[in-house]
Amino acid sequence: MKLLLDTHLLIWAAEAMSRVPHRARMLMADPENELYFSACSVWEVAIKHRLGNRFQLDPQVWRRRLLENGYQELAITGEHAAATAALPAIHADPFDRLLVAQAVTEGVMLLTADRIVARYPGTMAGI
């Protein structure tokens, strides 16, 4: 199964795997699953890092480590951006909406710890 991890799960996996919910850890550890991260998550970390917010990760180092650890990068396309317009107004955060649109468009499961994001129908898994 192809799994796209949301930004928080990716950060928790990098900083303190113990913060990743048990179900997500099990899915991430299953060698049958392909793990993906979105360029959207790297962009979000880069913006918040620059603003001095809670994301202290260096986005370039973080991205490189994700790739070194076997994650595959999912680029942002115009199709993904356009697909956000068709999403119900469940969540207002543009980064989360783009992750949902990518998951729906690419037919992958979005793993999220965000209960609001998990309310989107289809391929989401509330962890």
Side-chain angles (χ1 to χ4, degrees):
M1 175 178 2
K2 294 180 179 182
L3 304 173
L4 175 61
L5 279 69
D6 76 0
T7 307
H8 280 100
L9 288 177
L10 289 166
I11 290 170
W12 294 341
E15 293 181 337
M17 192 63 164
S18 62
R19 291 191 66 192
V20 176
H22 177 73
R23 181 170 174 225
R25 280 196 311 263
M26 299 304 293
L27 289 168
M28 292 165 65
D30 185 338
E32 296 293 316
N33 293 332
E34 297 176 50
L35 303 179
Y36 287 82
F37 70 94
S38 173
C40 176
S41 293
V42 177
W43 181 32
E44 180 178 11
V45 167
I47 289 170
K48 293 181 178 180
H49 177 78
R50 174 83 168 110
L51 294 174
N53 289 2
R54 65 184 185 270
F55 296 154
Q56 299 304 312
L57 297 170
D58 178 313
Q60 292 180 355
V61 172
W62 183 56
R63 178 183 176 273
R64 186 175 62 246
R65 287 189 181 149
L66 287 168
L67 292 168
E68 289 169 351
N69 284 298
Y71 288 83
Q72 297 177 55
E73 186 171 19
L74 182 58
I76 300 168
T77 68
E79 182 179 11
H80 298 147
T84 63
L87 294 176
I90 295 171
H91 204 297
D93 183 279
F95 296 109
D96 288 326
R97 290 180 59 80
L98 186 53
L99 289 173
V100 171
Q102 284 186 294
V104 171
T105 301
E106 299 299 325
V108 301
M109 180 182 287
L110 176 64
L111 294 182
T112 182
D114 186 323
R115 291 178 189 217
I116 296 171
V117 172
R119 290 179 19 208
Y120 280 95
T123 61
M124 301 333 115
I127 303 291

What's the shortest heavy-atom distance between [X] and [Y], and which atoms?
| X | Y | answer |
| --- | --- | --- |
| V42 | W62 | CA-CZ3, 3.9 Å |
| L87 | V100 | CD2-CG1, 3.8 Å |
| D6 | T112 | OD2-OG1, 2.6 Å |
| F95 | C40 | O-SG, 3.5 Å |
| A103 | L110 | CB-CB, 3.8 Å |

Student check: side-chain heavy atoms of [X] and [Y] closer than 4.5 Å:
| X | Y | value |
| --- | --- | --- |
| Y71 | M28 | yes |
| M1 | D30 | no |
| L111 | M109 | yes |
| V117 | L99 | no |
| M26 | R23 | no |
| I47 | P59 | no |

Looking only at side chains, do R97 and Y120 share a donor and an acceptor under 3.5 Å apart?
-> yes
Would you check if there is a donor-acceptor pair between the side chains of T105 and E79 at a distance under 3.5 Å?
-> no
So, taking the atom named [atom1] in [X] and the one named [atom2] in [Y], what distance separates them when rounded to the nearest 0.5 Å?
| X | Y | atom1 | atom2 | result |
| --- | --- | --- | --- | --- |
| T7 | D96 | OG1 | CG | 6.5 Å |
| E44 | I11 | CD | CD1 | 7.0 Å |
| D58 | R64 | CG | CZ | 8.0 Å |
| Q72 | L66 | CD | CG | 12.0 Å |
| S41 | L4 | OG | CG | 7.0 Å |
| Y36 | L5 | OH | CG | 12.0 Å |

Not counting sequence neighbours, which residues clear side-chain hydrogen bond (donor to acceptor under 3.5 Å, both in side chains) with R25? List them please.
->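 side-chain hydrogen bond (donor to acceptor under 3.5 Å, both in side chains) list for R25, sorted by chain: empty.
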Would you mind telling me which of Q102, H80, E73 makes a side chain to side chain donor-acceptor pair (under 3.5 Å) with S38?
->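 Running side chain to side chain donor-acceptor pair (under 3.5 Å) over Q102, H80, E73 with S38 returns exactly one hit, Q102.
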Heavy atoms of other groups near Q60 CD, more than 12 under 6.0 Å | no
